[in-house]
Novice: 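Sharing a structure below in structure tokens format, with a few things to ask.
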Amino acid sequence: MLIETDLTGVPVVVVGVPEEIGRVVRRFERAGAVVSVWDRPAGVGVADVAAAGAEGAGTRIAVVVGQARTWPGVDGLRRRCVVIEEASSGWEGGRALLVGAGPGGAGLMTLDALRALAEADVVLGDRLAAVGDLTTLAPRAEVIDVGKRPGHHAVPQRQIEALMIDRAARGLTVVRLKGGDPYVFGRGSEEVDALVAAGIPVTVIPGVTSAVAVPGAVGIPVTQRDVSHTFTVVSGHVPLTPEQAGSLVALRGTIVFLMGVQNLVPLSNALLAAGMDPTMPAAVVERGFTPDQRSVVAGLADLAREGARAGVAPPAVVVVGEVVRQAEVWARRRRHAKPATPASRLGPGQPARRHTASPRAVVEAR
Ligand code: SAH
């Protein structure tokens, strides 16, 4: 249960055996309550709780956990206190949540992700999970930056996993904040593997992946009726084999490379060698959803050169396919659009969609 109410200074008595109440105590403490504990069946009585209440503002909340429901004094509590009954979780260690942070900014996180941060005791974050001010989003958490830059592993993967296990085993709620979606590259499944092996309960909260959102940020839809009905997300940090390139070209859909911006030459050469049209529209979108967002658009054969000329650098998403034209189609239409009236917005007689944008090199800042 997430406690949304501010309980600062409110006395709360948690009733239950020590093995069952740890998590409940920590949760109410996080909400600001002044928690006292009654952890033996004998001696819990209305007088005790009343005394606890008298120390503070007089509000009396008793939380009765698991088997304590049957303790002799508990029935009497109901007359004097607001009694909350909680099932025992049966697991008094902590837990871990792998949380998708989206491609940038707190606005692209899910409500579940925000809730997980609000509840966190520890947050392990990195550069790609740039959600903004963690002191506000995770006010009670110890924040550990395990950030990685390409080629530099600030904290080795095994150590990140060991850190999560260590903190969770101490009873803490550990949030591993991961850029985009936890399961799209980014080693999310390895972390789940390690946590499961260590017996730590783990939850994965999905996120908005850069593979879809970053092209969208510059007006490139990854699928489009009559233009592309597949999109394939490929890790670009290793070269494509001729077989892989051949399969991608044969699909005739959209190809999205993550971690590919430093391999633009081998990636585009592989697709060209597999028979892709050298004028196929392609784009590099750098730092999506940040104030520094910009994109380079060119025919596939020119993309690496234009990208190098613009000095594109990670993080960036590379998109190859006919859908890339769409950004320019919409941009041009907007420039020439007359203010819409409801009738022209909804009615027939709209001009047929045409894809006439030429894939010349364009560098666009946000
Ligand atoms: N799990 C992440 C991807 C991790 S791999 C997700 O679902 O988005 C890291 C790669 O993601 C980067 O090299 C880059 O290709 C891409 N990426 C992530 N965030 C990005 C952003 N804001 N702008 C551009 N590319 C981004």
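For ligands, and for the atoms within them, numbers begin at 1 and follow the listed sequence. Every value quoted in this text rests on a predicted model; they were computed, and no experiment measured them. Note: hydrogens, waters and symmetry copies are ignored here, and every other heavy atom, side chains too, is used.
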Novice: Using a 4.0 Å heavy-atom cut-off, say whether V214 meets ligand 1 through its side chain, its backbone, both or neither.
Specialist: side chain
Novice: Which of the numbered atoms in ligand 1 are under 4.0 angstrom from any heavy atom belonging to V184?
Specialist: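 Those of ligand 1 that fall under 4.0 Å from V184 are 1 (N), 2 (C), 3 (C), 4 (C), 7 (O).
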Novice: F185 to ligand 1: N or O pair under 3.5 Å?
Specialist: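 Min N/O separation from ligand 1 is not below 3.5 Å for F185.
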Novice: Would you indicate which of T290, V317, V284, V208 comes nearest to atom 25 (N) of ligand 1 when only heavy atoms are counted?
Specialist: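 Result: the heavy atom closest to atom 25 (N) of ligand 1 is in V317.
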Novice: Which residues satisfy the side-chain contact (heavy atoms from CB on, under 4.5 Å) test with T110, sequence neighbours excluded?
Specialist: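 Partners of T110 by the side-chain contact (heavy atoms from CB on, under 4.5 Å) criterion, ordered by chain and then number, come out as D112, A113, I205.
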Novice: In terms of side-chain geometry, is the basic nitrogen of R309 or E306 positioned less than 4.0 Å from the acidic oxygen of its partner?
Specialist: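 Counted as a salt bridge, because a side-chain N and a carboxylate O are separated by less than 4.0 Å.
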Novice: Hey, is G179 one of the residues with a heavy atom under 4.0 angstrom from ligand 1?
Specialist: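 Right, G179 reaches ligand 1.
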Novice: Just distance, no hydrogens or angles: give the donor-acceptor pairs under 3.5 Å from side chains in residues 160-167, sequence neighbours left out.
Specialist:
residue : atom : partner : partner atom : Å
E161    : OE1  : R158    : NH1          : 2.9
E161    : OE2  : Q157    : NE2          : 3.0
E161    : OE2  : R158    : NH1          : 2.9
D166    : OD2  : R170    : NE           : 3.2
D166    : OD2  : R170    : NH2          : 2.7
R167    : NE   : E142    : OE1          : 3.4
R167    : NH2  : E142    : OE2          : 3.2

Novice: Have a look at ligand 1 and work out which part of P182, if any, has a heavy atom under 4.0 Å from it: side chain, backbone, both or neither.
Specialist: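 Within the 4.0 Å criterion, P182 makes no contact with ligand 1.
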Novice: Hey, does A316 come in under 3.5 Å of ligand 1, counting only N/O atoms on both sides?
Specialist: yes
Novice: Please identify which of these residues, D39, L77, V63, meets the side chain to side chain contact (heavy atoms under 4.5 Å, CB included) condition with V15.
Specialist: L77
Novice: Answer yes or no for P314: is there a heavy-atom contact with ligand 1 below 4.0 Å?
Specialist: no
Novice: By the definition side chain to side chain contact (heavy atoms under 4.5 Å, CB included), identify the one residue from V222, V320, T209 that meets it with V256.
Specialist: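 Between V256 and the candidates, side chain to side chain contact (heavy atoms under 4.5 Å, CB included) is satisfied uniquely by V222.
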Novice: State yes or no: do L137 and L97 share one hydrophobic cluster built from I, L, V, M, F, W and Y residues joined by side-chain heavy-atom distances below 4.5 Å, directly or via other members?
Specialist: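 Same hydrophobic cluster.
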Novice: Under 3.5 Å, N or O to N or O, is P103 touching ligand 1 that way?
Specialist: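 P103 vs ligand 1: N/O contact under 3.5 Å present.
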Novice: Do any N/O atoms on F257 end up under 3.5 angstrom from N/O atoms on ligand 1?
Specialist: no
Novice: Considering only heavy atoms of T209, which atoms of ligand 1 have at least one such atom less than 4.0 Å away?
Specialist: 6 (C), 7 (O), 8 (O)
Novice: Measure from atom 8 (O) of ligand 1 to every heavy atom in S235, A217, S210 and give the option owning the shortest one.
Specialist: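 Nearest option to atom 8 (O) of ligand 1, by heavy atoms: S210.
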Novice: Do the side chains of S268 and L303 get nearer than 4.5 Å, heavy atoms only?
Specialist: no
Novice: Are any of the side-chain nitrogens in E119 or R140 under 4.0 Å away from the carboxylate oxygens of its partner?
Specialist: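 Judged by the 4.0 Å cut-off on N to carboxylate O distance, E119 and R140 do not form a salt bridge.
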Novice: Is it the case that S228 and T254 place a side-chain donor and acceptor less than 3.5 Å from each other?
Specialist: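 Distance-only check passes for S228 and T254.
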Novice: What atoms of ligand 1 come within less than 4.0 Å of a heavy atom belonging to R287?
Specialist: 23 (N), 24 (C)
Novice: Mark the output for K178 as yes if a heavy-atom distance to ligand 1 is under 4.0 Å, and as no if none is.
Specialist: no
Novice: Answer side chain, backbone, both or neither: which part of Q293 comes under 4.0 Å from ligand 1, heavy atoms only.
Specialist: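 For Q293, no heavy atom sits under 4.0 Å from ligand 1.
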Novice: Salt bridge between D126 and R176, side-chain N to carboxylate O under 4.0 Å?
Specialist: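 R176 and D126: salt-bridged.
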